[in-house]
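Single-structure report; data block below.
What you see is a predicted model; the values in this text were computed from it and never measured. In what follows, every chain begins at residue 1, and chains take the letters A, B, ... in the order their sequences are listed.
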Number of protein chains: 2
Amino acid sequence: MHDALERSKALFIRRWGEMSGYWGINRTMAELHALLYISAEPLNTDQIMEALQISRGNASMNIRQLVNWGLVSRIHKKGDRKEYFTAQTNVWEMFETIVRERRRREVEPIIETISRCRQLVADNMSTLEDDRQQEARVYRERLDNMADFLTTINGLLNALLDSGQGGLGQVERTLVKVAR
Amino acid sequence: MHDALERSKALFIRRWGEMSGYWGINRTMAELHALLYISAEPLNTDQIMEALQISRGNASMNIRQLVNWGLVSRIHKKGDRKEYFTAQTNVWEMFETIVRERRRREVEPIIETISRCRQLVADNMSTLEDDRQQEARVYRERLDNMADFLTTINGLLNALLDSGQGGLGQVERTLVKVAR
DNA sequence: ACTCCTTTTCAGAAGTATCTGAAAGATTGT
DNA sequence: ACAATCTTTCAGATACTTCTGAAAAGGAGT
């Protein structure tokens with residue numbers, strides 16, 4: 001039987017994997033990340049395969065993605081030809097990495113698209129029937145509201161990232177004041 | 001050929017759908033949400049099926065999910081037996097709804113699990129060999145860092161939601177100050 | 001240049017998620 | 001009570017994602 005430490009780690013890894021769906025990444029990638037995050041020492045591919053019971057190809061692919069995200073780095077031990085992997089353990093930095101990537105992949109493209117959508121309608125208002133012009137005005141307002149909101153969020157994330165680790169606490173204190 | 005308004009709407013819907021993967025929801029649900037968000041008037045199931053080219057069953061299922069999330073509501077028009085649907089159009093409220101749901105589904109369960117993991121190890125430290133005790137200490141520290149971080153985020157989200165629509169701007173101003 | 005060890009790639013297999021369409025279930029009006 | 005109209009459900013079909021394992025590629029040492 002595995003000891004308490006093993007069981008505890010397995011539980012953490014499992015739960016982290018279950019959360020993956022909500023984050024739009026696959027389960028194995030999340031489990032792999034969890035495994036590396038809680039490991040005291042860097043692990044090599046064979047150890048990862050063993051721990052998560054996955055194939056070599058699967059391990060290789062998912063490691064690559066994590067490295068691409070900047071959440072995991074490759075380690076070379078001298079006298080050992082195997083590659084070892086270790087996760088970013090500073091949680092604040094991890095958060096920064098994820099926020100930066102997601103903002104780039106998600107927030108920015110949608111802001112860009114909204115702007116194009118708005119342009120497309122604005123340039124052609126005059127070609128529309130009267131009742132469709134009314135419809136277009138409502139639509140434009142909806143687009144504008146969304147764009148404003150996303151731009152604000154984007155700015156907020158920028159500010160948060162720039163403010164470094166202290167930012168979070170600072171924000172919370174401000175909000176508590178505002179809420180009163 | 002569809003006019004500029006139609007093309008613009010289609011573009012917005014498509015892009016919203018493409019973003020769905022990142023948010024852990026399915027494409028159709030996202031498209032359906034986008035469609036309702038930009039529609040001036042509530043739509044019925046047939047109109048939705050036509051607009052997104054999906055089957056009745058698919059429409060029904062996804063509408064239900066959106067209603068469950070609280071992002072869409074059912075509308076009854078008198079003299080019409082069909083049900084109509086409309087999306088929350090206040091973007092701030094939409095954000096609130098989503099944050100509340102996701103916090104409940106994601107942040108809280110993982111905080112709970114970490115706490116259990118920590119307990120499991122803390123209760124059994126003495127049964128471990130010396131070198132594994134060292135390993136356990138590292139592991140516990142990692143868990144603690146993650147738990148602290150998530151607790152902070154959780155508190156921040158609480159404060160943000162409590163502070164209402166003004167909160168976002170307030171936060172940004174604070175952060176800009178901190179960053180300087 | 002060859003051997004040995006490791007990592008990467010990728011075609012096909014396996015596993016999941018999503019969608020359809022028809023049948024069952026609801027609801028309203030007559 | 002029945003007919004008409006609309007909604008929900010769900011088994012099976014389809015589409016998509018992820019995984020495996022073996023072959024190819026990479027690279028260090030002799």
* For DNA chain D, determine which residues of residues 14-52 of chain A have any heavy atom closer than 4.0 angstrom to one of its atoms, and list them numerically. =>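 The answer is A:Asn26, A:Thr28.
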* Tell me, which of residues 63-73 of chain B have any heavy atom that sits under 4.0 Å from an atom in DNA chain D? ->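 Those residues are B:Arg64.
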Per [X] side chain, nearest of listed nucleotides [options]:
X       : options                : result
B:Glu83 : D:dC19, C:dT20, D:dT8  : D:dT8
B:Met61 : C:dT8, D:dC10, C:dC19  : D:dC10
B:Ser55 : C:dC19, D:dT8, C:dT8   : C:dC19
B:Arg81 : D:dC10, C:dT27, D:dT20 : C:dT27

Separation of [N] [atom2] from [X] [atom1] (nearest whole Å):
X       : N      : atom1 : atom2 : answer
B:Asn62 : D:dT9  : CG    : P     : 13 Å
A:Arg56 : D:dA24 : CZ    : P     : 17 Å
A:Ile54 : D:dG21 : CD1   : C1'   : 13 Å
A:Lys82 : C:dT7  : NZ    : P     : 7 Å
B:His76 : C:dT28 : NE2   : C1'   : 13 Å
B:Asn58 : D:dC10 : CG    : C1'   : 13 Å

* Look at the side-chain N and O atoms of A:Arg74 and state whether any lies under 4.0 Å from the OP1 or OP2 oxygen of C:dT6. =>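 False: A:Arg74 side-chain N/O out of range (4.0 Å or more) of C:dT6 OP1/OP2.
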* Asked: With nearest nucleotides of DNA chain D determined for B:Phe85 and A:Gly57 from heavy-atom distances, which residue corresponds to the more 5′ nucleotide?
  ->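 Residue closer to the 5' terminus by nearest nucleotide: B:Phe85.
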* **Common cluster, B:Leu32/B:Met61, ILVMFWY with side-chain heavy-atom separation under 4.5 Å** =>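 No; tracing contacts between hydrophobic side chains, which count when under 4.5 Å, never links both residues.
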* **Other residues, nucleotides, ligands: >12 heavy atoms within 6.0 Å of A:Glu6 CD** =>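 Buried by this count: over 12 neighbours within 6.0 Å.
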* Atom CD of A:Glu141: over 12 foreign heavy atoms under 6.0 Å ->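 For A:Glu141, atom CD is not crowded (no more than 12 foreign heavy atoms under 6.0 Å).
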Without hydrogens or angle criteria, can the side chains of [X] and [Y] be said to hold a donor-acceptor pair below 3.5 Å?
X        : Y        : answer
B:Glu83  : B:Thr45  : no
A:Asn158 : A:Asn154 : no
B:Tyr139 : A:Ser8   : yes

* Asked: NA contact type, A:Asp80, heavy-atom cut-off 4.0 Å: base, sugar-phosphate, or nothing?
  ->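 Nothing, no nucleic acid heavy atom in range.
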* Quick one: do A:Arg132 and A:Glu135 make a salt bridge, cutoff under 4.0 Å? ->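 Salt bridge between A:Arg132 and A:Glu135, a charged N being under 4.0 Å from a carboxylate O: yes.
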* Asked: Quick one: is the NZ or CZ of A:Arg105 closer than 6.0 Å to the six-membered ring centre of B:Trp23, and within 45° of its axis?
  ->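 Pair A:Arg105/B:Trp23 does not count as cation-pi.
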* Compare every heavy atom of A:Arg142 with every heavy atom of B:Ile38, then report the nearest pair and how far apart it is. =>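 B:Ile38 and A:Arg142 have their closest heavy atoms at C-NH1, 4.0 Å.
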